[in-house]
Each structure stands twice: as C-alpha cells, then as structure tokens.
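We count ligands from 1, going down the list as the structure has it; atoms in each ligand are counted the same way. The structure presented is a predicted model; accordingly, all values stated were derived computationally and were not measured. For reference, positions follow the sequence shown, starting with 1.
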Amino acid sequence: MKMLLLSAALLCVAGTLSACRPAEQTPTQTGAGTTDAGTDPDGRPRVLTTFTILADMARNVAGDRIEVVSITRPGAEIHGYQPTPSDLIRAQGADLILNNGLNLERWFTRFTQDSRAPTVTLTDGIEPVNISADAYAGKPNPHAWMSPKNALIYVENIRRALTDLDPDGADTFRANADAYAAQIREVDEQLSTQLGQLPPNRRALVTCEGAFSYLARDYGLKELYLWPVNAEEGQGTPRQIRAVIDGVRAQGVPAVFCESTVPDKGMRQVAAEAGARYGGDLHVDSLSDEVPTYLDLLRKDADTILAGLTGEQP
Ligand SMILES: [Zn+2]
C-alpha cells in the first residue's frame with residue numbers, strides 16, 4: 001500500500017503527467033490501469049500498438065468499438081525508436097498496449113515503465129525462426145508477421161486481448177477476426193501461387209535487413225542479407241557488403257532488394273559490383289502511403305520480388 005501511494009505521489013511530482021489531472025474529469029471505466037490521459041473523446045477504450053502494422057491488424061479486429069493508435073508513425077524505423085515524452089504520457093493513458101515481442105522493440109521497457117496499462121505480446125504462441133548470423137546468432141528473428149500463417153496467431157492474440165478489455169464486444173471481435181483471418185488466408189494462397197512460379201534457380205531473396213526469414217520459409221526462398229537486424233548504423237559494413245556480393249555472384253541471383261525504412265546505398269553497391277539488378281524497395285517494418293495496410297504490404301512485396309527475379313514488370 002505504501003509503495004502504491006509513493007508511486008502515485010512520484011507521478012504527480014513529475015507535474016506534466018496527466019495521471020495528476022483534477023478529479024472533475026470523468027475517468028473511463030474500461031479496464032485495469034486506466035487513467036484519463038489521451039482517452040478517446042467519445043469514451044471508447046484506447047489501445048496503443050508499437051508500430052503501424054500491429055495497429056492495422058488491431059483495427060481490423062476492433063472495428064469501431066475501440067480506438068487504436070500506433071506509437072511509431074508510418075515510415076519510421078521501429079527497432080531503435082526513442083520514445084518521446086508525449087509517447088510516455090500516451091502510454092499512461094492507454095487501456096491496453098500491444099507489442100510484437102521477440103526483442104523487436106528494444107525501447108519497450110522504457111516506453112511502458114510509467115504505465116499501468118496491461119501489455120500483450122502478439123507473438124505469444126509463435127514458433128520463432130532463429131537468426132544465424134553475426135552478434136544476433138541464436139536469437140529469435142522478430143519479423144514473425146511476414147508469415148501470413150503467423151499473422152493468424154497475431155489476430156487471435158488481438159481478439160483475446162480486446163475481449164478481455166471490452167467483454168461486451170466479444171461477438172463483434174470474433175466476427176471481425178474471422179473475416180480478417182479469411183482475407184489473410186486468401187493473401188497467403190495468392191503469395192504461394194505467385195512465388196511458386198519462380199524457377200528453382202531464381203529462388204533467392206537478397207535484402208538489406210534479414211527481415212524475410214519467415215516469408216522465405218513459407219514460400220521456399222533462400223535468404224541472403226546484409227545485416228540481421230536494423231541497428232543505429234544501418235548501412236552494412238564493408239565485410240557484410242563483400243559477403244553478399246560474393247553470394248549473389250556465386251548463385252547468379254538476378255535481382256537484389258532493400259527495405260523502404262533503411263538506406264539502400266550498400267545494396268546498390270552489391271547490385272553494381274555483382275552485376276545484378278536493383279529490384280526495388282520492399283516493405284517490412286512499417287506501413288506507408290504506398291502500402292496502407294498489412295495485406296497491401298504482403299501483396300506489394302510479392303509483386304516486387306516476382307518482378308525483380310523474373311525481370312518482368314508486375
Ligand atoms: Zn526490421
């Protein structure tokens with residue numbers, strides 16, 4: 001009890017924090033740890049996600065019953081993001097926080113340190129693919145959403161979390177989750193058919209970040225990348241670039257790619273020196289104007305990969 005009082009007092013000493021707002025504001029009644037900071041004006045519960053892809057998935061399940069907001073913006077680099085003071089205030093005002101887990105959000109502990117909102121990790125129940133290269137060897141690859149089969153597990157975890165938060169919405173969330181899962185299965189089949197057209201000697205996916213391990217596994221592609229997980233430097237070391245040039249040459253890979261959220265300089269050098277095409281930008285860690293939804297992201301990547309590796313325009 002003493003501890004609780006103390007931490008409440010500390011929150012108020014910090015001054016700007018909205019946990020200290022005057023009592024006349026009506027608190028929402030939506031779940032554990034709720035404060036009024038940032039609550040949707042129409043009184044809907046507010047769910048925060050760490051990045052845009054999770055927000056899109058959660059909106060598909062939530063429908064209109066819940067407000068879903070992503071902390072990182074479209075196009076942002078999400079691994080090494082630094083939460084701003086206003087992000088921390090939003091975390092305090094949230095009714096629920098959804099994160100990816102598998103060490104994706106290196107900033108998550110700092111982001112939630114002052115928040116009492118429950119957190120749910122959407123990769124719970126997913127069988128991780130381990131990273132094989134560099135300092136990350138043996139650690140789980142965090143980009144599990146790049147497998148539509150895994151996305152079905154994300155959706156089920158979201159459905160359960162939203163039902164815990166808003167039990168009256170249970171039927172709505174189930175119907176929305178079922179409809180969305182059907183769309184995900186459809187895109188999975190589409191990708192399987194599309195990438196299945198690639199001849200065996202063209203089944204190599206060369207990227208900047210090693211973010212495609214799950215996609216490569218699902219659709220039978222071999223994977224080669226400059227660096228395993230985005231880090232601050234984000235360019236690729238000369239040694240990493242040399243290794244990929246050698247791999248592309250040795251396997252006669254016709255096209256290489258890089259992700260939209262990181263510099264493509266190193267991969268353009270690979271293309272030039274190995275005599276491969278630069279096949280274009282792939283989308284992994286963030287939605288954007290070009291790929292406004294998760295399903296658009298998967299479709300667009302499959303088109304880009306197919307066009308690059310076959311030399312045909314999509
Ligand atoms: Zn990434």
Quiz item: Does Glu259 put an N, O or S atom under 2.8 Å from the Zn ion (ligand 1)?
Solution: no
Quiz item: Asp285: which N/O/S atom is nearest the Zn ion (ligand 1)?
Solution: OD2
Exercise. Identify whether the distance between the nearest side-chain nitrogen and carboxylate oxygen of Asp56 and Arg59 falls below 4.0 Å.
Key: no
Quiz item: Does Glu156 pair with Arg160 as a salt bridge, N-O distance under 4.0 Å?
Solution: yes
Self-check item: Shared hydrophobic cluster for Phe212 and Leu295 (ILVMFWY, side-chain gaps under 4.5 Å)
Solution: yes
Quiz item: Salt bridge check: are Arg268 and Asp264 linked by an N-O gap of less than 4.0 Å?
Solution: yes
Quiz item: So what does the His143 NE2 - the Zn ion (ligand 1) - Glu209 OE1 angle come to, to 10°?
Solution: 100°
